[in-house]
Peer 1: 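Please read through the structure below; I'll follow up with questions.
In the text below, chain A, chain B and the rest are named by the order of the sequence lines, each starting its count at 1.
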Amino acid sequence: MLDSRLVASEPDRIRANLVARRADDATIASVDRIVALAAERNALVQERDDRRSARNTISAEIGALMKQGNRDQAESKKAEVGANNARIAVIETTLGDVESELRDLCLRLPNLLDDSVPVGGGEDDNVVVKTWGTAPTFDFKPKSHVDLGEALGILDLGRAAKLAGARFSVLIGKGARLERALINFFVDTHTEEHGYTEILAPYIVWGSVAEGTGQLPKFAADMFKLAEPLNGQEAYLIPTAEVPVTNLYREEILDESDLPKRFAAFSPCFRSEAGSAGRDTRGILRVHQFHKVEMVWFSTPEASADAHEQLTRHAEQCLEKLGLPYRRMLLCSADIGFGATKCHDLEVWLPSQERYREVSSCSNYGDFQARRMDLRYRPTEAGKGKTRFPHTLNGSGLAVGRTLLAILENYQQADGSIVVPEVLRPYMGVDVIR
RNA sequence: GGAGGGGUGGCAGAGCGGUUGAAUGCGCCGGAUUCGAAAUCCGGUUUGCCCGCGAGGGUAACGGGGGUUCGAAUCCCCCCCCCUCCGCCA
């Protein structure tokens with residue numbers, strides 16, 4: 001969320017950011033509305049507080065008069081306060097409306113972009129930052145993960161459809177084992193080699209929590225919402241562990257000495273895939289339920305750019321250990337996510353498609369999420385001034401299903417068997433899936 | 001689900017209708033003392049919002065929401081969470 005005071009003081013900067021992001025006209029127009037509402041809010045707050053001040057003074061006087069037994073004067077003072085209170089009530093009602101509209105508008109504004117983000121009009125303007133590995137060459141026509149998996153009997157999409165329809169999968173035998181192997185390999189790598197603390201968090205969260213990370217209010221359609229309230233509030237299946245983990249310390253004040261905090265969390269992820277009908281319909285590339293290991297950082301603003309690079313490297317190292325060719329993309333202004341100030345996508349090579357596909361998205365959110373969830377930290381430095389908003393970052397390390405898919409395709413052999421990458425063998429118990 | 005107990009500042013713990021944002025203790029930060037340290041003493045030590053260049057001023061918050069009152073941490077109502085016991089269950 002952007003601070004309404006920032007919007008009010010630098011509306012031009014906010015508008016320029018929206019234009020770079022290719023925001024719609026209504027959003028751009030909302031900037032003027034925010035400026036006006038912020039001014040109205042301040043005036044109302046001022047009058048309310050002045051009147052409260054008067055009320056407090058008079059009430060104290062009434063107390064004194066009562067002690068003296070001066071009933072008449074006390075009564076007349078009471079009438080005075082009563083009139084004042086009536087006015088306060090009116091102001092509070094108006095103020096409530098103004099503040100809720102203001103907050104709603106601000107919640108729908110995307111984050112400011114980092115200076116290093118290239119301005120672009122869409123996916124094609126993303127920048128290739130680096131490429132690692134070389135695409136495998138085959139002396140036969142490489143098959144898709146669907147053909148490979150079904151022939152091996154480790155993947156069954158038809159039966160998955162009997163259970164829940166399209167965009168689900170059933171993994172069988174070594175397929176299921178490979179999924180678990182990847183989960184453990186990722187979590188172990190992050191905890192043992194990259195220094196993360198493992199987290200296992202709820203897979204269902206309240207709407208307010210999803211608002212904290214930015215899924216709500218704007219992207220409600222992308223999540224699965226529970227039909228019944230959960231512990232009294234509306235709730236959603238998490239679309240990523242980013243949501244519960246980033247919200248762990250919401251409404252708390254951390255100490256700077258606790259930063260950076262770094263967590264790695266495995267979770268299933270549930271996505272409605274609204275609006276992607278017809279896209280990637282074959283296979284397990286785009287499904288309603290998948291597994292992911294997510295890395296989450298809480299950092300000081302000063303350290304977040306460096307943190308972003310480290311986080312991205314941690315995801316890249318997973319791909320490198322697995323020997324999967326990939327490239328790192330720097331997303332442009334039109335393609336970057338709503339709350340991100342800067343984002344790297346990692347894309348893995350898929351032989352059957354002869355193109356790179358996303359397996360990780362590593363983003364720096366700046367103070368955007370911290371502000372929404374009222375997460376702060378207390379600076380250590382003497383002078384211990386105001387609390388500040390930390391920066392939050394997150395990245396996939398990695399999306400499990402897509403990695404599994406990439407392994408099947410990149411490690412396939414002419415006979416349809418799959419060589420198990422070296423690092424997974426301890427988890428798999430076999431060298432080849434056949 | 002049933003019965004009972006409890007939620008106050010970083011922690012512990014008073015307050016139970018009037019200048020109490022909140023006693024006291026601990027912790028923490030300054031300072032004094034000391035060769036240094038411990039002990040001791042003095043001072044400070046929540047967060048948000050509004051006005052102000054600043055100094056500073058105002059306002060709000062004692063789990064959350066609503067109510068009573070001139071005035072509520074203190075009274076009333078609803079909800080949430082935690083603890084203990086019973087039931088149920090993975």
Peer 1: For rG71(B), does OP1 or OP2 lie under 4.0 Å from any side-chain N or O of Asn85(A)?
Peer 2: yes
Peer 1: Looking only at side-chain atoms of Arg55(A), point me to the closest of rC49(B), rG71(B), rU47(B).
Peer 2: rG71(B)
Peer 1: Which sits closer to the 5' end of RNA chain B, Ser53(A) or Ala64(A), going by the nucleotide each is nearest to?
Peer 2: Ala64(A)
Peer 1: In terms of side-chain geometry, is the basic nitrogen of Arg376(A) or Asp374(A) positioned less than 4.0 Å from the acidic oxygen of its partner?
Peer 2: yes
Peer 1: Run through Arg357(A), Arg402(A), Arg167(A) and flag the one making a salt bridge (Lys or Arg N to Asp or Glu O under 4.0 Å) with Asp280(A).
Peer 2: Arg357(A)
Peer 1: What's the closest nucleotide to the side chain of Lys386(A) if the choices are rC49(B), rG58(B), rC50(B)?
Peer 2: rC49(B)
Peer 1: Taking atom C1' in both rG65(B) and rG58(B), what distance in whole Å separates the two?
Peer 2: 26 Å
Peer 1: For Ile58(A), report the nucleic acid contact type (base, sugar-phosphate, nothing); a contact means any heavy atom under 4.0 Å.
Peer 2: nothing
Peer 1: Calculate the interatomic distance between Met66(A) atom CE and rU19(B) atom P; express it in whole Å.
Peer 2: 14 Å
Peer 1: Looking only at side-chain N and O atoms, does Arg5(A) come under 4.0 Å of OP1 or OP2 in rC50(B)?
Peer 2: yes
Peer 1: Whether Arg41(A) and Glu101(A) form a salt bridge (side-chain N of Lys/Arg under 4.0 Å from carboxylate O of Asp/Glu) is what I want to check.
Peer 2: no
Peer 1: Is any side-chain N or O of Asn56(A) closer than 4.0 Å to OP1 or OP2 of rU19(B)?
Peer 2: no
Peer 1: Looking at rG48(B), I'd like to know if its phosphate oxygens (OP1 or OP2) sit under 4.0 Å from a side-chain N or O belonging to Arg376(A).
Peer 2: yes
Peer 1: Please report the C-alpha distance between Asn56(A) and Ser53(A) in whole Å, then the side-chain angles of each, then the deciding distance to 0.1 Å, and finally whether the side-chain hydrogen bond (donor to acceptor under 3.5 Å, both in side chains) criterion is met.
Peer 2: CA-CA 5 Å; Asn56(A) 291 343; Ser53(A) 179; over 6 Å; no
Peer 1: May I have the distance from Arg51(A) (atom CZ) to rC49(B) (atom P), rounded to whole angstrom?
Peer 2: 24 Å
Peer 1: Between rG87(B) and rG48(B), how far apart are the C1' atoms? Round to whole Å, please.
Peer 2: 45 Å
Peer 1: Which one, rC81(B), rC49(B), rC70(B), comes nearest to the side chain of Lys78(A)?
Peer 2: rC70(B)
Peer 1: Using OP1 and OP2 only, check whether a side-chain N or O of Arg41(A) sits under 4.0 Å from rC50(B).
Peer 2: yes
Peer 1: Could you check which of rC50(B), rG18(B), rA60(B) has an atom nearest any side-chain atom of Arg52(A)?
Peer 2: rA60(B)
Peer 1: When the P atoms of rA72(B) and rA60(B) are compared, how many Å lie between them, rounded to an integer?
Peer 2: 9 Å
Peer 1: How close do Thr213(A) and Gln369(A) get, heavy atom to heavy atom, and via which atoms?
Peer 2: O-NE2, 3.0 Å
Peer 1: Quick one: Leu44(A) CG to rU59(B) P, roughly how many Å, whole number?
Peer 2: 18 Å
Peer 1: Suppose you measure atom C1' in rG63(B) against the same atom in rG54(B); what distance do you get, rounded to whole Å?
Peer 2: 38 Å
Peer 1: Between rC51(B), rC49(B), rC70(B), which one does the side chain of Gln46(A) approach most closely?
Peer 2: rC51(B)
Peer 1: Would you tell me if any nitrogen or oxygen in the side chain of Thr387(A) comes within less than 4.0 Å of OP1 or OP2 on rU47(B)?
Peer 2: no
